[in-house]
Number of protein chains: 2
Amino acid sequence: MECMTARELAAAVAATYHAWMQTVEAARSTLAEHDLTAATFQALWLIDPGAPPPSMKVMAERLYCNASNLTFITNQLIERGLIERTVDPHDRRSRVLTLTVRGRQVREQVTQAAMAQSPLAMLTSAQQQQLTALLTSAFGRT
Amino acid sequence: MECMTARELAAAVAATYHAWMQTVEAARSTLAEHDLTAATFQALWLIDPGAPPPSMKVMAERLYCNASNLTFITNQLIERGLIERTVDPHDRRSRVLTLTVRGRQVREQVTQAAMAQSPLAMLTSAQQQQLTALLTSAFGRT
DNA sequence: GCAGATCCTTCAACTCTCGAAGCATAAGAT
DNA sequence: ATCTTATGCTTCGAGAGTTGAAGGATCTGC
């Protein structure tokens, strides 16, 4: 019993690992074309152009990294002209990240390509929904 | 239509990303206790003690990294006394990685703990199986 | 045997990540 | 108001991880 449960969990974790790694792997050439690394792309990806611009703190949580690391990645994206960092008027300690026009374009292009190349694109729409439902039922975030 | 499909794929990829990252995040303190980093742990994890010892090449594929990177990680695990690198008698170019006794113990302990702390452990056994089935239907590897 | 392929290692450069220290601002206590 | 504490971010220095190019050893097919 215990043993069976553990085995199924192990398989699920392994499958999740491979799915994510293959998604990253498949995106590699596309990222390189746009002068993005995995780290900078993930940050770009996690800024939703249709939502209020996230603070550094929020972005660090989304990227599962610490504040100083995010400062580093943010600087890269700013140097490439893809995002801007502005002071949040509601809390002047906080910096808010907004996509530039070019940032929006690049983000759109690269995420589209990356998604299409992911192994998860092989699933039907219904399967994708099922997958999302399963995974989100396991944790808190979006 | 196109748009809906894309949105569902995006949600599935995002969910997979968060599931994996939270699994890694949750394991952090356990890894630190055993003097393992994420990289060394993943290598340890991906050596199945019940299977013939994998070559460097196979391990590099499992870890989605290149050969020289794997040499680096392998050296770390050897220094810690967790694995051994021996010449494959069938092909003397090839090196094969075997767990030491202590390596087997540490691997068992740490993977158990890491699995248990993963958000995927919240799912029922049936859900875990369903998840594994969905993901493995999307790609080639185990 | 020879030519080319394969497996691994070394090396140097680079990217990424972290923790400690510090600055500026905000929020709460007195 | 002022003082204290907490929060958000940055800087810095160190270390971990990753890469590609070059090279050595071994295998494979001709």
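Quick note on labels: first sequence line is chain A, next is B, and so on, each numbered from 1.
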Quick one: [X] [atom1] to [N] [atom2], roughly how many Å, whole number?
| X | N | atom1 | atom2 | answer |
| --- | --- | --- | --- | --- |
| B:N66 | D:dA22 | CG | P | 15 Å |
| A:N75 | D:dC12 | CG | P | 12 Å |
| A:R85 | D:dG8 | CZ | C1' | 12 Å |
| A:M59 | D:dG8 | CE | P | 16 Å |
| B:L63 | C:dC8 | CG | P | 13 Å |
| B:N69 | C:dT15 | CG | P | 16 Å |
| A:R95 | C:dA24 | CZ | P | 11 Å |
| B:M21 | C:dC16 | CE | C1' | 12 Å |

Inset, instruction - Would you tell me if any nitrogen or oxygen in the side chain of B:S94 comes within less than 4.0 Å of OP1 or OP2 on D:dT26? - result: no
Inset, instruction - Please check the phosphate of C:dC8 (OP1 and OP2 only) for any side-chain N or O of B:S68 closer than 4.0 Å. - result: no
Legend entry - Side chain A:R95, main chain A:T86, donor-acceptor under 3.5 Å: no
What residues, two or more places apart in sequence or in another chain, satisfy side-chain hydrogen bond (donor to acceptor under 3.5 Å, both in side chains) together with [X]?
| X | value |
| --- | --- |
| A:T23 | A:S118 |
| B:R92 | none |
| B:D91 | B:R93 |

Inset, instruction - Would you check if there is a donor-acceptor pair between the side chains of B:T37 and B:T40 at a distance under 3.5 Å? - result: yes
Inset, instruction - Output the distance between atom CD1 (B:I73) and atom CE (B:M56), rounded to the nearest 0.5 Å. - result: 9.5 Å
Inset, instruction - May I have the step-by-step check of ring-ring contact (aromatic ring centres under 6.0 Å, His included) for A:H18 and B:Y64, ending in yes or no? - result: CA-CA 9 Å; A:H18 284 296; B:Y64 302 89; 5.7 Å; yes
Inset, instruction - Please work out which residues in residues 35-45 of chain A have a non-hydrogen atom less than 4.0 Å from an atom of DNA chain C and list them by number. - result: A:T37, A:A39
So which protein nitrogen or oxygen atoms get under 3.5 Å of nucleotides 27-30 of chain D's nitrogens or oxygens?
unit_1 : atom_1 : unit_2 : atom_2 : d
D:dC27 : OP1    : B:R92  : N      : 3.0

Inset, instruction - Please tell me which of A:Q76 and B:T74 maps to the more 5' nucleotide of DNA chain C, matching each residue to the nucleotide holding its nearest heavy atom. - result: B:T74
Inset, instruction - Consider only side-chain heavy atoms of I, L, V, M, F, W and Y, link residues closer than 4.5 Å, and tell whether A:F139 and B:L134 are in one cluster. - result: yes
Legend entry - Residue pairs involving residues 98-107 of chain A (criterion side chain to side chain donor-acceptor pair (under 3.5 Å); sequence neighbours excluded): none
Inset, instruction - Scan B:L70 against the nucleic acid and name what it touches under 4.0 Å (heavy atoms): base, sugar-phosphate only, or nothing. - result: nothing
Legend entry - Nearest-nucleotide pick for B:F72, side chain only, options being D:dA16, C:dT10, D:dT10: D:dA16
